[in-house]
Peer 1: 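I have a structure I would like to understand better, so I am pasting it below and will then ask my questions one at a time.
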Amino acid sequence: MAVQYVILLSRQGKVRLAKWFLTLSLKEKSKIVKDVSTLVLGRRTKMCNFLEYKESKVIYRRYASLFFIAGIDATDNELITLEIIHRYVEQMDRYYGNVCELDIIFNFQKAYYILDELLLAGELQESSKRDVLRRISQQDALEEAEGDEEKFSRLMPYISQIPGLSSYDGSGSLPVPGPGSSSNSFSNVRASRVAGGRDAYYG
Amino acid sequence: MSSMRGLVQFIADLRNARARELEERRINKEMANIRQKFKDSNLSGYQKKKYVCKLLYIYILGWNIDFGHLEAVNLIASNNFSEKQIGYLAISLLLNENHDLINLVLNSIRKDLNDGNELYNCLALHAIANVGGKEMAESLSSDVHRLLISPLSKPFVKKKAALTLLRLYRKYQHCVPEEWADRIVSIMNDPDLGVVTSVSSLVLALAQDKPDLYQKCYGRAVFRLKAILIDRQVQNDYMYYRVPNPWLQVRLLRLLQYYPPSDDPDVAAGLLDVLQFILDVVTEPLRNVQQSNAQNAVLFEAINLAIHIDVGPALMDKIVGKLGTFISSRETNLRYLGLDTMAHLAARAEDLSPIRAHQATILNSLRDRDISVRRKGLDLLYSMCGYQNAATIVGELLKYLEVADYAIREDMVIKIAILTEKHATEQRWYIDTILRLISVAGDYVSDEVWQRAVQIVINNENLQPYAAHTLLQYLKGPTYFEAMVKIGGYVLGEFGHLIADTQGCTPIEQFLALQDKFGSCSAFTKALLLSTYIKFVNLFPEIKPQLIQVFHSYSRSLDSELQQRACEYLVLASLPTDDLLRTVCDEMPPFPERTSALLSRIHEKQGKGEDRRTWFIGGKSGVSDTEALIEGF
């Protein structure tokens, strides 16, 4: 399935993430974003998750305050793309812990990295539950280690001057602002078996 | 998860800006600051990383970034992983394959590709997959290939290499030489399912262009499907809500659709088992949406494959039954896909009666709440139309056309026109329907539609008087659409004389009906009508004075085409003898057989993608309708 683009759109029409698997000019990209946003934001609930736009298909699904939109070729399998989107949301949920829109705003790099582990060249790369996050944790660990080294080397000249201080606990990760306080969490995504057959986020 | 404090603060500031001007001001202030900082050559890697991140955030918000690219390129060359990562992220967001700076990154990418650290390899592969173009394909594809086939490569590197190679192949086909084929196919047997998924995508693209070279993938695909589904050889990690690796299943099922059914009896039997298994899976309403979607995704793909390989009547009946349930399902997604897959079935099946059994439901889908479903309903009706049900279907479509969304009208008009022509058992019904079509949706009627109708009228003598008469009735009434005037003008010009003796159709009445609409028409139509009038001069000398008057008044028109025609016709009409006039206005000869231009319009609209279409809408003869439809009359 060649996914052409993935866009995360807020309900007010702000783009939170845009990943393009096609080579397009800036003008073409903005046109697509504008057109697709209008189409998706204008859909009512209970309508199907598929739209036709020019010669491609647009698959979308709303998770709390964000619309996850994927543009695919006319020949691609729609339902499976919907589940790719869901997989992406699940992975982000696991990573950020009860992910919400603010996480994606303040830590947008990670959202891109997770997407890179999931989709490459517009195709699904990995469908294992744990593999994607394993990569991301590896990267995080490397980043932490380098961060520690750097802090250590910056502080070295001062440390050696302080009497009695023999070790330095260099685990100073900077505080992340509290995204969990927002009520817009879409963590329900993970485990709910919704009674009655109607999933709150369907459509 | 560590984060840069300066970046976080900046984002918080922007979110606190109440108005757009405040946001813009803050952004400009920051950009000026960053510009200043970038001039400082002693900027640390961390600082560079932070500022590039800020720029990226501004970019994502929708503002244009016209600097910072060089700093991003520098970051890529850093020895620090997170700096590298940000650099690559910036490249993938800000640049594309056509950018000049891409060449600067090429060497860094190559270096990272060949580095001992696998995480660096991955960054490089991602970069190539994101912004790779022809140059990268030429210089880096062998390095990527090496990573793919090396026994030392870890699985996560292999799968990225496979998809990166796919991207390069799509940009430049020659970068994957034929010698690589066997090795690539053999990777489909890799124990890691992630690798298999990625390689299957690669093979799918390669096999479409060179099916013979990649023939071995067929057997492997079938056995892998069997292993996953029937033997349940799937690690727990790859189960998705109780469905074993649905994405891989879908991929493999799609791959098989690009090949004819296998000659090998084991393989063919294996495939039948797999399809049977999938169709038998219980599809009662499941409580979990994800499980239901995953299962149905596989089911629909399997049905598409089954239609492709002719699985025998028992299985076919099961399929049609299932589709019948889907098209009346409460879930909109299922109605949509049910209609779509039935259209696929209609495009391939010899016998359309099982589908026709559901005609009432399908006609109802034209009134579905969701436009996506209505479109699919239209496509299906188009495909399942035969001479038995043409009248009903076309009638319903015309009824629906009157209330249809504008977005869908043009498509409907073309389809109705084609169906009418193809399945008309009576010539008059054809003319009636086309004219009714024009009167209902005239401004969505493209020129090809009425021109086609004209071709048909000209080629069929017995149709001509009827056509002329009916058109005149429409023209005398309140017609709002130019298409009607155009077709009326042309037909009356050629065949008006056939009805001139009938009551209500005298030459002067024909002229007045046209002249009535003349003023409100576009220049093109006026030009057409002027030509009609000169034909009238030839046919009906009794109204020559009125016609000459029209020519006079347009001989000074500002439109050059109209002026030219008016002047020339004026001269032609005022010549002493009739000979030239008669020769010029001689009756149009019948048109040679031609494919309908409308059919090519339909095919154009069906959309292309990276992968080839495996079917086209429109009935068994939908694709090869080259015998002139004209001949059928």
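Quantities reported herein were computed from a predicted structural model and do not represent experimental measurements. Labels below follow one simple rule: chain letters A, B, ... track the order of the sequence lines, proteins then strands, and each chain is numbered from 1.
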Peer 1: Any donor and acceptor pair, going by atom type alone, linking the side chain of A:Arg61 with main-chain N or O of A:Asn49 inside 3.5 Å?
Peer 2: no
Peer 1: For chain B, which candidate among A:Lys14, A:Lys57, A:Glu117 shows the most heavy-atom pairs at distances under 4.5 Å?
Peer 2: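 So the answer, after comparing A:Lys14, A:Lys57, A:Glu117, is A:Glu117.
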Peer 1: Pick one of side chain, backbone, both or neither for A:Phe50, based on which atoms fall under 4.5 Å of a heavy atom in chain B.
Peer 2: both
Peer 1: What residue, out of A:Arg135, A:Glu52, A:Glu78, has the most heavy-atom pairs lying under 4.5 Å from chain B?
Peer 2: A:Arg135
Peer 1: Supply the atom-to-atom distance B:Asn296 CG to B:Glu331 CD, rounded to the nearest 0.5 angstrom.
Peer 2: 7.5 Å
Peer 1: Taking salt bridge (charged side-chain N to carboxylate O under 4.0 Å, His left out) as the definition, give me every residue that meets it alongside B:Asp192, ordered by chain and number, with sequence neighbours left out.
Peer 2: none
Peer 1: Tell me, for B:Phe10 versus chain A, whether the close heavy atoms (under 4.5 Å) come from the side chain, the backbone, both or neither.
Peer 2: neither
Peer 1: With a 4.5 angstrom heavy-atom cut-off, which part of B:Leu337 approaches chain A: side chain, backbone, both or neither?
Peer 2: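 Side chain of B:Leu337 only, per the 4.5 Å heavy-atom cut-off to chain A.
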Peer 1: Using non-hydrogen atoms and a 4.5 Å limit, figure out which bit of B:Tyr336 sits close to chain A: side chain, backbone, both or neither.
Peer 2: side chain
Peer 1: Please report whether the ring centroid of A:Phe68 lies less than 6.0 Å from that of A:Tyr63.
Peer 2: yes
Peer 1: Name the region of B:Leu119, side chain, backbone, both or neither, that has any atom closer than 4.5 Å to a heavy atom of chain A.
Peer 2: side chain
Peer 1: Heavy-atom pairs under 4.5 Å with chain A are the metric here; pick the option from B:Arg335, B:Glu97, B:Met239, B:Lys171 that has the most.
Peer 2: B:Glu97
Peer 1: Just so I know, are the side chains of A:Arg87 and B:Trp247 near enough to count as touching, which here means a heavy-atom distance under 4.5 Å?
Peer 2: yes
Peer 1: Answer with side chain, backbone, both or neither: which region of B:Asn236 has an atom nearer than 4.5 Å to a non-hydrogen atom of chain A?
Peer 2: backbone
Peer 1: Report which part of B:Asn80 has an atom under 4.5 Å of a heavy atom belonging to chain A: side chain, backbone, both, or neither.
Peer 2: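 For B:Asn80, backbone and side chain are both near chain A.
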Peer 1: Using non-hydrogen atoms and a 4.5 Å limit, figure out which bit of B:Lys84 sits close to chain A: side chain, backbone, both or neither.
Peer 2: neither
Peer 1: Measure distances from B:Gln85 to the heavy atoms of chain A and classify the residue's part below 4.5 Å as side chain, backbone, both or neither.
Peer 2: both
Peer 1: What part of B:Ala12 gets within 4.5 angstrom of chain A, counting heavy atoms only: side chain, backbone, both, or neither?
Peer 2: both
Peer 1: Chain A heavy atoms under 4.5 Å from B:Cys53: which part of the residue, side chain, backbone, both or neither?
Peer 2: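 Contact with chain A involves both backbone and side-chain atoms of B:Cys53.
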Peer 1: Check whether A:Arg16 gets within reach of chain B through its side chain, its backbone, both or neither, counting any heavy atom under 4.5 Å.
Peer 2: both
Peer 1: Measure B:Tyr57 against the heavy atoms of chain A and call it side chain, backbone, both or neither at under 4.5 Å.
Peer 2: both
Peer 1: Please state whether the side chain, the backbone, both or neither of B:Asp368 comes within less than 4.5 Å of a heavy atom of chain A.
Peer 2: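 When you check distances to chain A, no heavy atom of B:Asp368 falls under 4.5 Å.
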Peer 1: Who among A:Val15, A:Leu26, A:Ile105, A:Leu24 has the most heavy-atom pairs with chain B under 4.5 Å?
Peer 2: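 The option with the most such pairs is A:Ile105.
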Peer 1: Taking only residues two or more places apart in sequence or in another chain, which ones pass salt bridge (charged side-chain N to carboxylate O under 4.0 Å, His left out) with A:Glu28?
Peer 2: none
Peer 1: Indicate whether the side chain of B:Ser78 and that of B:Glu83 have a donor and an acceptor atom separated by less than 3.5 Å.
Peer 2: yes
Peer 1: Let me know if A:Glu83 has heavy atoms under 4.5 Å from chain B in its side chain, its backbone, both or neither.
Peer 2: both
Peer 1: Roughly how far, to the nearest 0.5 Å, is the CG atom of A:Asp35 from the CD1 atom of A:Ile32?
Peer 2: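 Reported value, rounded in 0.5 Å steps: 8.0 Å.
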Peer 1: Hey, could you give me the CG/CZ distance between A:Asn77 and B:Phe300, rounded to the nearest 0.5 Å?
Peer 2: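 Between atom CG of A:Asn77 and atom CZ of B:Phe300 there are 9.0 Å.
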Peer 1: Find the one option among B:Leu89, B:Leu204, B:Thr197, B:Asn96 whose heavy-atom pairs under 4.5 Å with chain A are most numerous.
Peer 2: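 Heavy-atom pairs under 4.5 Å are most numerous for B:Leu89.
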Peer 1: Hey, are B:Gln290 and A:Glu90 close enough side-chain-wise for a donor-acceptor pair under 3.5 Å?
Peer 2: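 Note: A:Glu90 and B:Gln290 side chains miss the donor-acceptor criterion.
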Peer 1: Using a 3.5 Å distance criterion without hydrogens, assess whether the side chain of B:Tyr238 forms a donor-acceptor pair with backbone atoms of B:Gly194.
Peer 2: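 Indeed, once roles are kept as given, a pair shorter than 3.5 Å links the two residues.
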Peer 1: Return the minimal non-hydrogen interatomic distance between B:Lys50 and B:Gly6, and the atom names on each side.
Peer 2: CD-CA, 4.1 Å
Peer 1: Is chain A contacted by the side chain of B:Leu166, its backbone, both, or neither, given a heavy-atom distance below 4.5 Å?
Peer 2: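 When you check distances to chain A, only side chain atoms of B:Leu166 fall under 4.5 Å.
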Peer 1: Among A:Asp131, A:Leu142, A:Leu79, who wins on heavy-atom pairs under 4.5 Å with chain B?
Peer 2: A:Leu79
Peer 1: Without swapping roles, check the side chain of A:Glu146 against the backbone of B:Phe81 for a donor-acceptor pair under 3.5 Å.
Peer 2: yes
